[in-house]
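Predicted model, so just to flag it, every value in this text is computed and none were measured.
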Amino acid sequence: MPAVFYGVVMALSRRAQVALGAGIAVLLGGIAGLALWSWWSWRHRPGREPAVRFRRVGAAVVAAGLVISAVGAVWRTTVAVEHTPACAPPGGAQAATRSGPFDLSLVAQQAATWPETGIGLLYAQASGAHVCLSHAADYYVAVHAHNPAGARAMNLGDILLTPGFTISKEQLRTLIGHEARHRAQWAVLTVLGGPLAFPAAYGVDDFFFPGSRNHFERLAGLEAGGYAHVGTGPVLGPAQFAALGFLAAVIVGALLAARHRRASRGSRTGANTPDAGTDRRMTGGLTRDE
């Protein structure tokens, strides 16, 4: 599959390759992906193409990303067309139906997280979770889903993976608003940095600011999410210091490697200069031998 994808892309004209690359960059990396692609295209313009092996690796990564996005988008569309039962809050009563005018912001959030939601729906149904549609906030809920967050609820685009609810109706309504704000965060970061931007940013933030310290949880509302406020500052333990030390080592190593490459290029340029290293001291326009 990656080899076929690479061959198809290389068969296109230069202009078509740039246009296709820009579209894929936006799909997989958002605005940041487009900026990175623009820099990459300029850096590897005709005459300065990267080595073939690096282009093949890049094509393989892109092809995998496109396949996953396509599977998610198709599955999300399939579920949207089919009937999904409405979620019933504790007590068995029907959840309040969302009312009001057409919500363009909601549609934009759902469109931005379409493939991710499809992957979440596929995972939930494959794991045997009960999937329902919350009309109060217009998102999917997968109850008793075995998610990586364990006993905590976890958003994946427009679907909430949860081990179940043992709270009152009023608490559930409040929680619905909290989780809906997470969907908005996911949508914004998807536009800015692609489908993986939100989980990556949330994970890094939660590593240094766990629980109620997490900035995303604070923006979504700590009380609404059932968090007890315990502080705002970072938690710096052995794991955090180790991560910071590793990051510093990577940055220093990258800077030293870049400096070494520049020095090597300078040495090669000097060695390839015609008559480099030859004594060309002139007297009156002639060499001393003359």
Trainee: Could you tell me which non-hydrogen atom of Val230 sits nearest to which non-hydrogen atom of Arg213, and how far apart they are?
Mentor: O-NH2, 3.6 Å
Trainee: What distance do Leu156 atom CG and Leu122 atom CG have between them, rounded to the nearest 0.5 Å?
Mentor: 10.5 Å
Trainee: Among residues at least two apart in sequence or on other chains, which ones pass side chain to side chain donor-acceptor pair (under 3.5 Å) with Thr77?
Mentor: Trp114
Trainee: Can you name the side chain to side chain donor-acceptor pair (under 3.5 Å) partners of His215, sequence neighbours left out?
Mentor: Asp205
Trainee: Which residues pass the side chain to side chain contact (heavy atoms under 4.5 Å, CB included) test with Val191, not counting sequence neighbours?
Mentor: Ile31, Ala112
Trainee: Where do Gly193 and Ala32 come nearest, in terms of heavy atoms and distance?
Mentor: CA-CB, 4.3 Å
Trainee: Is there a path from Leu222 to Phe209 through hydrophobic residues (I, L, V, M, F, W, Y) whose side chains come within less than 4.5 Å of each other?
Mentor: no
Trainee: Treat each ILVMFWY residue as a node, draw an edge where side-chain heavy atoms are under 4.5 Å apart, and state whether Phe216 and Tyr227 are in one component.
Mentor: yes
Trainee: With no hydrogens and no angle check, is any side-chain donor or acceptor of His144 less than 3.5 Å from a backbone partner on Ala129?
Mentor: no
Trainee: To the nearest 0.5 Å, what is the distance between OG on Ser134 and OH on Tyr140?
Mentor: 11.5 Å
Trainee: Please list, chain by chain and in numerical order, all residues satisfying side chain to side chain donor-acceptor pair (under 3.5 Å) with Thr232, sequence neighbours excluded.
Mentor: none
Trainee: Do Leu133 and Pro85 come close enough that some side-chain heavy atom pair is under 4.5 Å?
Mentor: no
Trainee: Between atom CD of Gln185 and atom OG1 of Thr190, what is the distance when rounded to the nearest 0.5 Å?
Mentor: 11.5 Å
Trainee: Between the side chains of Tyr202 and Glu217, is a donor N or O closer than 3.5 angstrom to an acceptor N or O?
Mentor: yes
Trainee: About how many Å separate CD1 of Ile176 and CZ of Arg181, when rounded to the nearest 0.5 Å?
Mentor: 11.5 Å
Trainee: Mind listing the closest non-hydrogen atom pair of Val131 and Leu121 along with its distance?
Mentor: CG1-CD2, 3.9 Å
Trainee: Please enumerate all residues that pass side chain to side chain contact (heavy atoms under 4.5 Å, CB included) together with Ile251, with sequence neighbours excluded.
Mentor: Leu247, Leu255
Trainee: Show your reasoning for whether side chain to side chain contact (heavy atoms under 4.5 Å, CB included) applies to Val107 and Asp103.
Mentor: CA-CA 7 Å; Val107 175; Asp103 192 340; 5.9 Å; no
Trainee: Listed by chain and number, what are the side chain to side chain contact (heavy atoms under 4.5 Å, CB included) partners of Ala243, not counting sequence neighbours?
Mentor: Phe207
Trainee: How long is the straight-line distance from CG of Leu160 back to SG of Cys87, given to the nearest 0.5 Å?
Mentor: 9.0 Å
Trainee: Determine whether the side chains of Gln109 and Ser105 contain a donor N or O and an acceptor N or O closer than 3.5 Å.
Mentor: yes
Trainee: Could you tell me which residues satisfy side chain to side chain donor-acceptor pair (under 3.5 Å) with Gln125, sequence neighbours excluded, listed by chain and number?
Mentor: Trp75
Trainee: With hydrophobic residues grouped by side-chain heavy-atom distances under 4.5 Å, do Trp40 and Leu36 end up in a single group?
Mentor: yes
Trainee: Applying side chain to side chain contact (heavy atoms under 4.5 Å, CB included), name anything that partners Leu196, two or more places apart in sequence or on another chain.
Mentor: none
Trainee: Assigning hydrophobic clusters by single linkage (Ile, Leu, Val, Met, Phe, Trp, Tyr; side-chain heavy-atom cutoff under 4.5 Å), is Leu27 placed with Leu20?
Mentor: yes
Trainee: Does any pair with a residue in residues 59-77 pass salt bridge (Lys or Arg N to Asp or Glu O under 4.0 Å), and if so which ones, sequence neighbours excluded?
Mentor: Arg76-Asp158
Trainee: Which heavy-atom pair separates Ala25 from Gly33 by the least distance, and what is that distance?
Mentor: CB-O, 3.5 Å
Trainee: For the hydrophobic clusters of this structure (ILVMFWY residues joined by side-chain heavy atoms under 4.5 Å, transitively), does one cluster hold both Val204 and Leu236?
Mentor: yes
Trainee: Let me see the working for Gln110 and Arg183 under side chain to side chain contact (heavy atoms under 4.5 Å, CB included), right down to the final yes or no.
Mentor: CA-CA 8 Å; Gln110 292 174 336; Arg183 175 179 56 196; 4.3 Å; yes
Trainee: Closest heavy-atom contact between Val62 and Ile24?
Mentor: CG1-CG2, 3.5 Å
Trainee: More than 12 foreign heavy atoms under 6.0 Å from CD of Gln240: is that the case here?
Mentor: yes
Trainee: Could you grab the distance from atom OG1 of Thr113 to atom CG of Leu189, nearest 0.5 Å is fine?
Mentor: 12.0 Å
Trainee: Write out all pairs satisfying ring pair (Phe, Tyr, Trp, His ring centres under 6.0 Å) with one or both partners inside residues 172-197, taking only residues at least two apart or from two chains.
Mentor: His178-His182, Trp186-Phe198
Trainee: Of all the heavy-atom pairs spanning Pro195 and Glu116, show the shortest one and how long it is.
Mentor: CA-OE2, 3.7 Å
